[in-house]
Structure formats: C-alpha cells, structure tokens
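In what follows, a structure is listed as structure tokens, so that the remarks can point back to it.
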There are 2 protein chains.
Amino acid sequence: MRRDVFHAISDPTRRAILTRLALQPMTPNTLAEHFDSSRQAVSKHIKILTECQLLTQQQTGREIYYHFNPRRMKEVVDWLESFQQLWEQRFSQLDQVLKKSKPKK
Amino acid sequence: MRRDVFHAISDPTRRAILTRLALQPMTPNTLAEHFDSSRQAVSKHIKILTECQLLTQQQTGREIYYHFNPRRMKEVVDWLESFQQLWEQRFSQLDQVLKKSKPKK
DNA sequence: ATTATCTGCTACTGAGTGGTTGCAATTTAA
DNA sequence: TTAAATTGCAACCACTCAGTAGCAGATAAT
C-alpha cells in the first residue's frame with residue numbers, strides 16, 4: 001500500500017486536518033467536531049497521516065493528542081524546490097542557445 | 001471527478017513526467033519511451049495533467065508536443081508557504097505564552 | 001491511393017480509496 | 001462495581017484509479 005507524503009496531502013480533508021493540527025494538537029474526537037466527516041472517517045485520515053509520519057501521537061490517559069510533524073513535509077518542499085530549480089535552469093540553457101545564435105544574424 | 005493539482009502530483013509517474021517535460025517539451029510517444037509504462041498509460045497521465053492545466057499542448061502536424069505550465073504549480077507552493085507560515089506563527093504564539101508565564105517563576 | 005504513424009477515446013480489470021457501521025479494549029466518572 | 005467516554009480495528013459498500021487492449025480519426029510516407 002502506498003503511504004507517501006504526496007499521497008497523504010492529495011486529499012483536501014487531510015490538508016485541512018494538517019492545518020488544524022499545525023495550529024494546535026488535538027484528540028480525534030475534538031478534531032472531528034470541526035469537520036462534517038464522522039469520527040471514524042477522521043480517524044482513518046489520521047491513521048494515514050500518522051503512517052507517513054506527518055503526525056505524531058502523545059497519549060495521556062484514554063485521550064491521544066496528535067501533533068503535526070514538519071520534518072516529513074520537507075520532502076514536498078524539497079521536490080518543489082528542485083523542480084523550480086530545474087525549470088529555471090532550462091531557461092538559462094535556452095538563454096545560452098539564444099546568445100550563441102545571436103552573432104549569426 | 002477530482003482534478004486538482006495536489007491529486008495530479010500525488011502519482012510518482014506523473015511527477016516523473018512533469019520533470020521530463022519541464023526539461024524539454026515532448027510528444028506522448030517519445031515521452032513513453034523514457035518510462036516502463038505503455039503509451040496508453042502515459043497518455044492517460046498526460047490527460048490528467050492537462051486537465052488540471054499543469055501541461056499545455058502544441059500541435060504540429062500529427063504530433064502533439066506537451067509543455068509544462070508552471071503557473072498551476074504555484075497553487076502547491078502557495079499552500080506550503082501559508083502552511084509553513086502558520087506553523088511558525090504557532091511557535092511565536094507559544095513564545096508569547098512563555099514570556100507571559102516567565103515572570104511568575 | 002494505399003500503407004504506416006501518431007494520437008485520443010472507450011471498455012474492461014484488479015487494486016485502492018473514502019466513508020459508514022458495529023465491536024472490543026482501555027480509561028474515566030458515577 | 002457499573003456506566004459512560006475515547007479510541008482503534010475489521011468488515012462492508014460505492015466509487016475512483018492506474019493500467020491494458022482495441023478501435024477510429026487525422027497526418028505523413030510510399
């Protein structure tokens with residue numbers, strides 16, 4: 001089963017959950033109150049987010065607080081940055097081609 | 001049918017396609033030669049990427065060159081940046097709490 | 001004119017997804 | 001001790017997804 005960060009943030013509900021938990025750690029129950037989805041649906045999203053280490057657990061009694069873990073989000077940031085770099089590099093190569101062809105005219 | 005950028009980049013093959021096309025515009029056939037997937041599979045990914053405007057077409061004769069369109073990728077960058085901002089803001093709020101509680105000790 | 005090439009579209013298949021329901025385990029409250 | 005609360009897990013359902021195979025339209029080559 002695929003459990004990578006890109007897949008995790010592809011769902012809008014999961015992105016909303018991440019936003020909530022980035023502001024404040026919460027238990028599944030209190031988290032579910034902020035969404036239209038049921039507790040079980042939210043819990044399933046939490047499981048996916050935990051499995052790819054975007055969330056960490058902190059149990060106190062029967063309650064479990066879930067915290068956002070920014071370390072894994074870096075994977076996405078890194079990909080985007082390298083992609084942007086690639087894209088800009090392509091244009092600089094294009095510039096070189098244009099400079100080389102300029103003297104010919 | 002869900003056709004947003006986050007879903008589009010959730011597939012590793014599609015990310016590889018985007019990387020290829022960011023370097024150099026290509027036709028589906030030549031693009032498929034760089035992957036293990038069949039032409040039809042690649043073509044399906046191209047369709048998805050085109051529908052969410054991550055790719056643009058440029059037809060010349062019977063060949064269609066697909067170009068990467070960086071504008072839509074900004075949606076992901078923006079979300080990540082606002083998320084990062086949120087995350088850092090949370091810590092600054094935490095700092096304020098710590099500052100307020102410090103005098104008490 | 002006929003054949004080959006390039007491409008998109010549709011139907012199909014197996015796997016995965018999001019959601020719901022019910023249940024069991026653990027912890028807290030009465 | 002008994003009842004309520006919090007949570008995770010498994011089974012199920014309708015839907016989507018990635019991939020394959022076959023076909024049709026348009027263009028290029030012979």
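So that the names make sense, note that chain A is the first sequence line, chain B the second, and so on, each numbered from 1.
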Of A/His45 and A/Glu63, the one whose closest nucleotide on DNA chain C sits nearer the 5' end is A/His45
Rounded to whole Å, how long is the line connecting atom CD1 of B/Ile17 with atom P of D/dG19?
9 Å
Applying ring pair (Phe, Tyr, Trp, His ring centres under 6.0 Å) to A/Tyr65 and not counting sequence neighbours gives none
Check every strand shown and say whether B/Gln40 touches a base, only sugar-phosphate, or nothing at a heavy-atom separation below 4.0 Å.
base
Rounded to the Å, how far apart are A/Met26 CE and D/dT6 C1'?
16 Å
Compare side-chain N and O positions of B/Ser38 against OP1 and OP2 of D/dT20 and report whether any pair is under 4.0 Å apart.
yes
Is any side-chain N or O of B/Thr13 closer than 4.0 Å to OP1 or OP2 of D/dA18?
no
Can you tell me the distance, in whole Å, between the CG atom of B/Asp4 and the C1' atom of D/dC17?
14 Å
For atom CG of A/Asp36, decide whether the heavy atoms of other residues, nucleotides or ligands shown that lie under 6.0 angstrom number more than 12.
no
OP1 or OP2 of D/dA5 sitting under 4.0 Å from any side-chain N/O of A/Asn29?
no
Counting only N and O atoms by type, is there a donor-acceptor contact under 3.5 Å from the side chain of A/Arg14 to the main-chain atoms of A/Ala8?
yes
To the nearest angstrom, how far is B/Leu31 atom CG from C/dG8 atom C1'?
15 Å
Ignoring the backbone of B/Ser43, work out which of D/dG8, C/dG8, D/dT7 is nearest its side chain.
C/dG8
I'd like to know if B/Ile48 and A/Ile9 are part of one continuous hydrophobic network [Ile/Leu/Val/Met/Phe/Trp/Tyr, side-chain heavy atoms within less than 4.5 Å].
no
In whole Å, I'd like the distance from the CD atom of B/Gln59 to the C1' atom of D/dG25.
12 Å
Main-chain N/O of A/Thr56 paired with A/Asn69 side-chain donor or acceptor, under 3.5 Å
no
A/Arg72 pairs by side chain to side chain contact (heavy atoms under 4.5 Å, CB included) with which of A/Leu49, A/Val5, A/Asp4, A/Leu55?
A/Val5
So, does B/Gln59 use its side chain to make a donor-acceptor pair with the main chain of B/Gly61 at under 3.5 Å?
yes
First encountered from the 5' end of DNA chain C, between A/Gly61 and A/Ala41
A/Ala41
Please state whether the phosphate of C/dG16, meaning OP1 or OP2, lies under 4.0 angstrom from any side-chain nitrogen or oxygen of A/His7.
no
Can you check the A/Asp36 CG to C/dT20 P distance for me, whole Å?
10 Å
Counting only side-chain heavy atoms from C-beta out, which of C/dT28, D/dT27, C/dG8 sits nearest to A/Arg62?
C/dT28
Establish whether the base of D/dG8 is bridged to the side chain of A/Arg39 by a donor-acceptor pair shorter than 3.5 Å.
yes
For A/Ile46, which contact category applies under a 4.0 Å heavy-atom criterion: base, sugar-phosphate, or nothing?
nothing
Five-pair end axes of the helix from C/dA1-D/dT30 to C/dA30-D/dT1, angle between them (10°)
10°
Centroid separation B/Phe83 to B/Trp79 less than 6.0 Å
yes
So, under a plain 3.5 Å distance rule, would you say the side chain of A/Lys47 forms a donor-acceptor pair with the base of D/dG8?
no
Within less than 4.0 Å of OP1 or OP2 of C/dT17, is there a side-chain N or O belonging to A/Arg3?
yes
Expressed as a whole number of angstroms, how long is the span from B/Arg15:CZ to D/dA18:C1'?
15 Å
From CZ of A/Phe6 over to C1' of D/dA18, roughly how many Å is that when rounded to an integer?
19 Å
